[in-house]
A.B. asks: 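Below is a structure I'd like to ask you about.
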Amino acid sequence: MTLSELRYIVALAQTRHFGKAAEQCFISQPTLSVAIKKLEGELGVPLFERSKNAVTVTPLGERIVRQAQVVLENVRTLEELATSGKDQLKGPLRIGAIFTIGPYLFPHLIPQVQKFAPEMPLFIEENYTANLRKKLRDGELDVIIIALPFTEPDVLTKAIYDEPFEVLLPKNHSWTEHKRIDPNLLPDSDLLLLGEGHCFRDQVLDMCPALSRKQNSKLEAIAEGSSLETLRLMVASGLGITVLPQSAATPKHYATDMLETRPFESPVPSRTVAIAWRASFPRPKAVDVITQASSLCQLF
């Protein structure tokens, strides 16, 4: 049994496709197939069920793959420990952020990180919270930036900034006459929200429970799966209004003759953005740099 074979079964379990797994491991498909067959023979149990059109993991294979992920993570930890003894701020850092944070934070974060750690390039990923959680747990990411609450065993979190929500309106909308918007008005508006899976959608619904009870066919038919930038474009076209985190609602992002923003009445709804990392991650100074750089970013 080799570490390469463990990497192969983890890749195949993730992709459920021999060709894609081989590509991910930078080897040929026959080499991957032979190696996995060899490991199954050594273990004396089948790890995968193979058919013409599908690859599935056996129940025992699922347990073995999970343990293989633990072994590979421990190996990465050993490698990182060796590196950290030299310089924790030297070498790539794998960082992820949710879709509603990454596009607005990373352009400001990267220059700050380069000032503090010029030899620490960032591998960047944007994804849903659930996917980032799994990638952090599996060791595919070192650090993630998410919105609280966020709990995961053996994972540490630290708040880096609080961000208020604002209403984005078409220029000629009647609500532009208000200095501040009452959240209780939202259920009777043509409100556009992100699709299922985005935690920001849930945060907006939580700030006004009446929204969850209102059946809005326009929201379901048009906004499902949208990004914040897509919602912005739909508001600019006059389709409706939306709620954005303030980092996505600053005037510099919009043509002044098409869109306006309004704050909410007090208590202003907001979210807390935080950094999360595994408690066992051996480069705490790298986490400190990301935290410090994030706190210096002028997002709003």
Side-chain angles (χ1 to χ4, degrees), residues 1-18 20-27 31-48 55 57-97 117 119-125 127 129-146 150-158 274-291:
M1 183 185 305
T2 66
L3 291 176
S4 293
E5 290 168 349
L6 297 184
R7 293 188 181 97
Y8 299 162
I9 64 172
V10 169
L12 185 57
Q14 290 173 341
T15 61
R16 308 298 173 100
H17 189 281
F18 276 92
K20 292 179 180 178
E23 183 179 346
Q24 182 174 310
C25 296
F26 303 102
I27 59 172
T31 299
L32 181 126
S33 299
V34 169
I36 291 178
K37 269 291 187 184
K38 175 179 174 293
L39 181 59
E40 288 177 322
E42 183 179 339
L43 295 174
V45 293
L47 304 179
F48 300 94
V55 176
V57 189
T58 66
L60 182 58
E62 292 276 7
R63 295 169 58 190
I64 291 174
V65 167
R66 283 198 296 271
Q67 189 60 41
Q69 290 174 319
V70 172
V71 172
L72 293 173
E73 170 62 14
N74 287 336
V75 170
R76 281 192 291 267
T77 299
L78 288 173
E79 294 170 344
E80 290 167 348
L81 279 170
T83 301
S84 68
K86 303 170 185 174
D87 188 348
Q88 294 185 28
L89 303 182
K90 188 172 183 178
L93 185 76
R94 299 164 295 179
I95 182 171
E119 295 184 271
M120 189 176 73
L122 302 180
F123 284 120
I124 289 174
E125 176 172 340
N127 215 318
T129 299
N131 295 337
L132 294 176
R133 180 193 301 273
K134 183 178 186 305
K135 286 176 177 284
L136 181 68
R137 185 176 62 242
D138 294 344
E140 296 177 45
L141 291 172
D142 302 319
V143 171
I144 60 174
I145 299 176
I146 38 76
F150 181 90
T151 56
E152 180 69 22
D154 301 318
V155 169
L156 305 176
T157 60
K158 184 175 183 179
I275 183 173
W277 68 99
R278 295 183 304 280
S280 60
F281 184 54
R283 297 171 64 187
K285 290 183 180 179
V287 176
D288 291 342
V289 164
I290 299 299
T291 304

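All values below come from the heavy atoms of this structure, side chains included, with hydrogens, waters and symmetry mates left out.
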A.B. asks: Keeping R94 on the side-chain end and F123 on the backbone end, is there a donor-acceptor pair under 3.5 Å?
C.D. replies: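 Here the side-chain-to-backbone pair does not exist.
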A.B. asks: Name the one of V71, V75, V70 that satisfies side-chain contact (heavy atoms from CB on, under 4.5 Å) with L6?
C.D. replies: V71
A.B. asks: Measure from the side-chain N and O atoms of E40 to the backbone N and O of L47, and report whether any donor-acceptor pair falls under 3.5 Å.
C.D. replies: yes
A.B. asks: Looking at L141, T157, I290, V287, which one forms a side-chain contact (heavy atoms from CB on, under 4.5 Å) with W277?
C.D. replies: V287
A.B. asks: Are the charged groups of R76 and E73 less than 4.0 angstrom apart, N to O?
C.D. replies: yes
A.B. asks: What's the separation between atom OG1 in T15 and atom CD in E23, rounded to the nearest 0.5 Å?
C.D. replies: 10.0 Å
A.B. asks: Would L156 and F281 count as a side chain to side chain contact (heavy atoms under 4.5 Å, CB included) here? Give the steps.
C.D. replies: CA-CA 10 Å; L156 305 176; F281 184 54; over 6 Å; no
A.B. asks: Would you mind reporting whether V45 and I64 have side-chain heavy atoms less than 4.5 Å apart?
C.D. replies: yes
A.B. asks: Rounded to the nearest 0.5 Å, how far apart are CG of D142 and CD1 of I95?
C.D. replies: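 The CG atom of D142 sits 9.0 Å away from the CD1 atom of I95.
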A.B. asks: Search all heavy atoms of R283 against all heavy atoms of L93 and return the closest pair with its distance.
C.D. replies: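 Heavy atoms only, the tightest pair is NH1-CD1, 4.2 Å.
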A.B. asks: Testing V34, L39, L32 one by one against I36 for a side-chain contact (heavy atoms from CB on, under 4.5 Å), which residue passes?
C.D. replies: L32
A.B. asks: Testing the basics here: between V289 and A117, what is the closest heavy-atom pair and its distance to 0.1 Å?
C.D. replies: CG1-CB, 4.4 Å
A.B. asks: What are the two closest non-hydrogen atoms of P46 and T58, and how far apart are they?
C.D. replies: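 Closest approach of P46 to T58: O-OG1, 3.0 Å.
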A.B. asks: Could you measure the distance from the CG atom of N74 to the OG atom of S280? Nearest 0.5 Å is fine.
C.D. replies: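 Rounded to the nearest 0.5 Å, the CG-OG separation comes out at 8.0 Å.
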A.B. asks: Taking atom OG1 of T129 and atom CG of L136, what is their separation to the nearest 0.5 Å?
C.D. replies: 12.0 Å
A.B. asks: So, does E42 use its side chain to make a donor-acceptor pair with the main chain of M1 at under 3.5 Å?
C.D. replies: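 Here the side-chain-to-backbone pair exists.
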A.B. asks: How far apart are the closest heavy atoms of F48 and A13, and which atoms are they?
C.D. replies: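 Looking at all heavy atoms of both residues, the shortest contact is CE2-N, 3.9 Å.
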A.B. asks: Can you name the residues that form a side-chain hydrogen bond (donor to acceptor under 3.5 Å, both in side chains) with E140, not counting sequence neighbours?
C.D. replies: Q14, K135
A.B. asks: Under the rule for salt bridge (charged side-chain N to carboxylate O under 4.0 Å, His left out), what residues qualify as partners of K134, not counting sequence neighbours?
C.D. replies: D138
A.B. asks: Rounded to the nearest 0.5 Å, what separation is found between the NZ atom of K38 and the CG atom of L43?
C.D. replies: 9.5 Å
A.B. asks: Counting only N and O atoms by type, is there a donor-acceptor contact under 3.5 Å from the side chain of Q88 to the main-chain atoms of K285?
C.D. replies: yes
A.B. asks: When rounded to the nearest 0.5 angstrom, what distance separates CE in M120 from CG in D87?
C.D. replies: 10.0 Å
A.B. asks: For R7 and A68, indicate whether the former's side chain and the latter's backbone hold a donor-acceptor pair under 3.5 Å.
C.D. replies: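 Not a single qualifying donor-acceptor pair exists.
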A.B. asks: What I'd like to find out is whether the side chain of V57 reaches to under 4.5 Å of the side chain of R16, using heavy atoms alone.
C.D. replies: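 The answer is yes, as the side chains (C-beta and beyond) meet within the 4.5 Å cut-off.
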